[in-house]
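Remember, it's a predicted structure, so these values are computed and weren't measured experimentally. For ligands, and for the atoms within them, numbers begin at 1 and follow the listed sequence.
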Amino acid sequence: MQQKLEQIKSEALAAIQTADTPEGIEALRVKYLGKKGEITSILKQMGGLSAEERPVIGALANEIRTALEDTLAKKDAEIEALVLQQRLIAESLDVTEPGAEIKFGRQHPMSIVLDEVKDIFIGMGFQIAEGPEVELSLYGFDRLNSPITHPSREWTDTFYITEDESVHLRSHTSPVQIRVMEAQKPPLRIISPGRAYRKDEVDASHSPMFHQIEGLVVDRGVTMGDLKGTLNLLASKLFGESTKTRFRPHHFPFTEPSCEVDVQCVVCGGTGCRTCKYEGWLELLGAGMVHPKVLSGCGIDPDVYSGFAFGAGIERMAMLRFGIDDMRLLFENDMRLLGQF
Ligand code: PHE
């Protein structure tokens, strides 16, 4: 029995040395020292021993038990320290490591230009007005003095919402003029940015959805000189102090006289290049003196008041401002383009 105990001892000590998890240690504790463990079962057989043998074997068994308990506790502590160490390594945080880069968004070139234009006009005392994109033809055409036969009223040009052509997606921001003049008394100074829709095929300079900004001034004694001064200021603030403008006669039903305003080519400076089709000038916007019929239609006496109006494409302004040669780039959200502004 003594031999058996010694054998258990050396076997158990060897097993404890190779254990490497807290579970393994616990399993060994049960195997050797548990209620049904090997040492315990030896102690249970002590009844069959002689009176001389019993204390000797008893003492040896106890000594072995104590030795095993100590060794188990030591190994347990070792494993625990090791596990902790491994966790510390695994969970370690290198505070000197460079962080993940946070990408900041930027303003879209359209928003940059729109903000600039708004600032310029707010600086001149203009207010910002808004109007619906789904517009009554009464406001979009009739009250703007647009004859029923005007080509812009064709189904091939305008997105009608109703069969009877009384409601459409506005094809310009000019109906906002009517809405403002109907609701407010002069003096009026407003700009109105927003979307407009036309049945145009997408190409480098057309899109069925685009943005315009309308301007309207109505007061006593407003002249074409005020229109020119205001738009020259817009051009010089947007494209640089020395930018030249050109006012060409044109026709719009809602202004008389009407004009189109060009700026000297921002690419070649007027000498002629591909962008300006070798003309030296780029068309910026349409403008004119508000037609007396439009004023009186809104209850404003044209003998007392006069006004000017203009409408500019915001895509066009952004393209000129930043030298972008294809309008589609403004709608594509390509970071290679947008990251440049
Ligand atoms: N509404 C015109 C257009 O879309 C622009 C314009 C506005 C012209 C105001 C004159 C006055 O082309």
List ligand 1's nitrogen or oxygen atoms that come under 3.5 Å of a protein nitrogen or oxygen, with the partner atom and distance.
unit_1, atom_1, unit_2, atom_2, d
ligand 1, 1 (N), H172, ND1, 3.0
ligand 1, 1 (N), S174, OG, 2.9
ligand 1, 4 (O), R198, NH2, 2.9
ligand 1, 4 (O), Q212, NE2, 2.9

Aromatic contact, H172 with F252 (centres under 6.0 Å): no
Pairwise distance CG(L114) to CD1(I213) - rounded to 0.5 angstrom: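 One finds 5.5 Å between CG of L114 and CD1 of I213.
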R220/D301 ion pair, N-O < 4.0 Å: no
Check ion pair E26-R29 (N to O, under 4.0 angstrom): yes
Pair H168, E135: side-chain N/O donor-acceptor within cut-off below 3.5 Å: no
Qualifying ring pair (Phe, Tyr, Trp, His ring centres under 6.0 Å) pairs with a residue from residues 93-136, counting only residues at least two apart or across chains: F121-F126, F121-F310
